Amino acid sequence: MRVVTLTSEDDYEGWRDAARALAQGRVPPSEILWQVGDAPTDLFGDEAVLEPAAPAAFRVPRAFLDLAQSVILHSDPQRFALLYTLLVGLIEQPRRIDDRADPLVRRLEEMAKHVRRDIHKMRAFLRFREVEDAGTVRFVAWFEPEHHIVRANARFFVDRFAAMHWSILTPELSLHWDGETLAEGPPATRADAPEGDPIEEMWKTYYASIFNPARLKTGAMLKEMPKKYWKNMPETALVKELVAGARARETAMVQTARDSVGGNIAGAWEALRDEAKGCTRCHLHKPATQTVFGEGPVDARMLFMGEQPGDQEDLAARPFVGPAGQMFDRAMAEAGIDRSGVYVTNAVKHFKFEPRGKRRIHAKPDGGEISACRWWYEQERLLIKPEMTVALGATAARQMLGKVVTISGARGRAIELAEGGMGWVTVHPSFLLRLPDKTRVEEEYAAFVEDLKGAAKALC
Ligand code: URA
């Protein structure tokens with residue numbers, strides 16, 4: 001048995017270096033014991049593995065390294081061995097990493113997803129409290145992650161709160177930022193963190209102003225916010241109050257929410273996108289790889305909405321990058337619309353599919369899934385305030401208009417939207433990809449381009 005001792009729970013480099021050498025020596029997974037400790041003295045129980053007699057070096061797919069970087073942060077003690085097992089498998093079968101039906105690949109992908117979600121939760125739910133510290137102001141937060149994500153998240157907080165002096169206390173370690181240097185400290189307990197203070201009022205005001213009653217339909221605000229974080233969040237004290245007067249304030253709030261971000265629309269959009277990464281508003285998040293949020297300038301005048309991400313979008317986390325996206329890009333260029341100047345999103349932000357062998361076949365989102373995702377579309381609209389929203393296909397039209405319409409009945413004309421701006425309905429680009437008859441494709445493509453031109457023209 002060879003024992004590999006890693007320096008910390010999130011010691012990716014230690015794992016990578018050891019795993020590379022062991023795999024090069026073709027050491028079977030069953031002969032390795034992975035452990036975490038303070039003293040990496042017994043990096044290999046048997047140093048022979050590093051001898052030059054080892055077979056030739058091998059190349060590791062980039063996707064595996066990306067996966068490993070996330071999985072290492074998972075709290076499952078098996079993670080080092082599982083990753084090593086896949087690494088050894090990749091020597092013979094480098095394409096195995098792309099095989100989404102492979103149980104080990106799936107298990108590791110799932111672990112990576114949980115880690116990403118935990119990273120997101122820390123960003124979204126951590127709350128600082130203001131304390132006086134030797135005459136200076138310091139912000140202190142308590143957070144209990146599920147996985148070993150604190151170090152991996154440090155950069156985010158340094159960038160986001162660069163001008164503040166802050167400490168983040170967790171049961172695993174603490175982080176301290178003094179405006180210039182990030183220092184690590186020992187584990188903390190909840191008792192080390194301060195309780196409520198004036199900054200809570202600020203959070204409460206903020207949350208009251210961005211609170212959207214649409215969330216109440218399914219009690220989603222409470223469902224979405226994991227219970228274990230409630231106690232850290234001053235705004236939860238407001239929920240009852242907000243529920244009581246919700247409907248009446250709906251319209252006014254839309255404007256207030258936009259104003260409340262103080263002109264920092266890009267920052268608010270980023271926060272929204274980050275929040276969406278952990279979305280569990282419907283079951284579609286479970287099989288999907290990740291949330292595919294909208295993209296484009298936040299001051300775009302036009303918003304284009306598709307149905308839902310496809311297989312390639314699900315992997316790339318970007319809308320319209322697969323075959324339908326290429327068709328969309330071509331038609332946009334022909335219509336004289338610069339894609340980089342518009343905002344592109346989807347009615348549903350997770351890929352819905354049915355597994356068929358190794359393939360994932362697109363499945364149409366149903367009414368419940370479309371409604372569950374409406375929250376994100378509303379928030380995107382709220383920030384971007386598009387003058388023209390173009391719905392690509394029936395699902396997008398349903399999301400935009402809040403009711404089922406036929407494409408033939410609604411297409412090709414400006415429709416006044418209740419929440420402001422104009423709407424425009426046209427076909428989905430994948431409709432063109434599915435047409436069997438070549439002449440029909442040409443006709444429908446030309447009509448699609450005309451629709452896009454019409455929408456752009458209606459803006460002038
Ligand atoms: N189809 C869509 O509706 N959206 C995408 O992002 C890709 C394909």
Side-chain angles (χ1 to χ4, degrees), residues 100 269 272-273 276-277 279 282 284-285 287-297 300 302-333 335 337-356 359-377 379-381 384 386 388-401 404-407 410-411 423-435 441 444-445 448-449 451-452 455:
R100 307 188 81 77
W269 177 85
L272 186 68
R273 180 204 54 198
K277 285 181 187 162
C279 179
C282 78
L284 292 183
H285 72 278
T289 307
Q290 55 202 323
T291 306
V292 180
F293 206 61
E295 65 176 24
M302 295 183 91
L303 181 152
F304 288 79
M305 177 163 49
E307 180 197 71
Q308 60 159 350
D311 184 74
Q312 294 193 30
E313 288 79 12
D314 169 79
L315 298 175
R318 294 189 53 212
F320 282 109
V321 292
Q326 282 158 29
M327 177 67 87
F328 176 59
D329 286 349
R330 205 179 113 205
M332 289 282 277
I337 306 170
D338 176 8
R339 175 165 170 175
S340 66
V342 304
Y343 188 83
V344 180
T345 192
N346 281 300
V348 172
K349 309 283 193 263
H350 280 113
F351 178 34
K352 181 177 180 185
F353 61 92
E354 278 158 21
R356 206 163 298 158
R359 297 181 58 215
R360 302 188 297 168
I361 308 296
H362 164 274
K364 214 171 167 47
D366 64 28
E369 291 149 0
I370 297 169
S371 305
C373 227
R374 189 168 172 80
W375 156 257
W376 298 114
Y377 163 62
Q379 300 306 306
E380 286 176 302
R381 283 194 62 84
I384 290 152
M388 170 62 77
T389 300
V390 181
L392 305 165
T395 300
R398 178 173 179 170
Q399 191 69 292
M400 179 177 80
L401 300 170
V404 177
V405 291
T406 60
I407 299 292
R411 125 177 242 184
W424 192 281
V425 175
T426 184
V427 293
H428 191 281
S430 63
F431 160 70
L432 306 169
L433 294 170
R434 286 197 303 267
L435 289 170
V441 176
E444 289 294 349
Y445 176 77
F448 180 47
V449 172
D451 275 348
L452 298 179

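What's counted below: heavy atoms across the whole structure, side chains too, no hydrogens, waters or symmetry copies. Computed from a prediction, not measured in an experiment: that's the story for all the values here. Atoms within a ligand are numbered from 1 in the order they appear, just like the ligands themselves. All residue numbers in this chain count up from 1 along the given sequence.
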Note to self: Go through it in stages, so that I can follow the logic: the residues are Phe304 and Phe320, the test is ring-ring contact (aromatic ring centres under 6.0 Å, His included), and I'd like the CA-CA distance, side-chain angles, deciding distance and then a yes or no.
What the structure shows: CA-CA 10 Å; Phe304 288 79; Phe320 282 109; 9.1 Å; no
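- In the vicinity of Gly306, heavy-atom distances shorter than 4.0 Å reach the ligand 1 atoms 3 (O).
- Note that the CG atom of Asn346 and the CD atom of Glu313 stand 7.5 Å from one another [nearest 0.5 Å].
- Considering backbone and side-chain N/O of His428, one or more are found under 3.5 Å from N/O of ligand 1.
- Counted by atom type alone, Glu369 and His350 present zero donor-acceptor pairs between their side chains at under 3.5 Å.
- Residue Gly310 places no N or O, backbone or side chain, under 3.5 Å from any N or O of ligand 1.
- Under the 30°/60° scheme for interplanar angles, the aromatic rings of Phe293 and Trp269 are found to be tilted.
- Regarding atom 6 (O) of ligand 1, its nearest protein heavy-atom neighbour is Phe320 N, 2.8 Å.
- Between Leu284 atom CG and Gln308 atom CD the span is 7.5 Å, to the nearest 0.5 Å.
- Using a 4.0 Å cut-off between heavy atoms, Glu307 contacts ligand 1 through both its backbone and its side chain.
- The protein heavy atom nearest to atom 4 (N) of ligand 1 is Asn346 OD1, 2.7 Å.
- Annotation for ligand 1: atoms under 4.0 Å from non-hydrogen atoms of Pro319 are 6 (O).
- Atom CZ of Arg273 sits in a crowded spot, with more than 12 heavy atoms from other residues, nucleotides or ligands closer than 6.0 Å.
- Listed by atom number, the atoms of ligand 1 under 4.0 Å from Gln308 heavy atoms are 1 (N), 2 (C), 3 (O), 4 (N), 5 (C), 7 (C), 8 (C).
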